[in-house]
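These notes concern the structure reproduced below.
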Amino acid sequence: YADETHDCPPASRVYTARIWVLQQTDSAIQRSLLVHCSSLGGDDATQLALHPTANRVAVIVPTYVRNGPIEPPIRILDLQNGQALDTALDENSEGFPTSLTYTPDGRYLLVGQNNGNSPAPVYVIDSRSLRVIDAVHAPGRVLAIAAHPKSTSFAAAAIDGLTVWKFVSF
């Protein structure tokens, strides 16, 4: 989207991605949060996951940059104030994120990737520290990821099959 709100620094062309926040008591959208702001290029927010117990959201925003620094493709935002929280995935990842979800208890953020090769990583991120604590691998580019609502299992649907894992200690 073009930045018509002037929340971004001035540039000849600015790309932004926003999420709109609607409370249960709202009859109309009262506010939006800026997720991405770049004059280098970008895309809409392609996936989002609401944390089940904390007031935050994780968002995938693909950034396409020909020359220059690559911006982090995952933004984690505090829904109260819009503040962006950092994640270590950006410096540790083997590709770009394609899917994400929180575990039902909110302890972990699971992020599936496309690294152009097979197998593709699924990162397990501690949702408090926002650090990668483990990685497992799916058979090919991860298309979707889901956590079982009542057990310690999670699954990744990949281009070459479905894989299910179980947390040893949850």
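Residue indices begin at 1 and follow the sequence shown.
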Indicate the atoms forming the closest heavy-atom contact of [X] with [Y], along with that distance.
X      : Y      : answer
Asp105 : Thr103 : OD1-OG1, 2.8 Å
Pro139 : Ala158 : O-CB, 3.6 Å
Ala156 : Ala138 : CB-CB, 4.3 Å
Leu100 : Ala49  : O-CB, 4.0 Å
Gln113 : Ala120 : O-CB, 3.4 Å

Heavy atoms, side chains only, cut-off 4.5 Å: are [X] and [Y] in contact?
X      : Y      : answer
Lys150 : Pro104 : no
Ser153 : Trp165 : no
Thr98  : Leu143 : no
Ile74  : Ile76  : yes
Ile145 : Val122 : yes

**Asked** Can you check whether Tyr102's main-chain N or O pairs, donor with acceptor, with Arg107's side chain at less than 3.5 Å?
**Response**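 Not at all, since once roles are kept as given, no pair shorter than 3.5 Å links the two residues.
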[X], [Y]: one ILVMFWY side-chain cluster at the under-4.5 Å cut-off?
X      : Y      : result
Tyr123 : Ile159 : no
Leu130 : Ile60  : yes
Leu110 : Leu162 : no

**Request:** Could you tell me how the ring of Phe154 sits relative to the ring of Phe167: parallel (under 30°), tilted (30 to 60°) or perpendicular (over 60°)?
**Result:** tilted
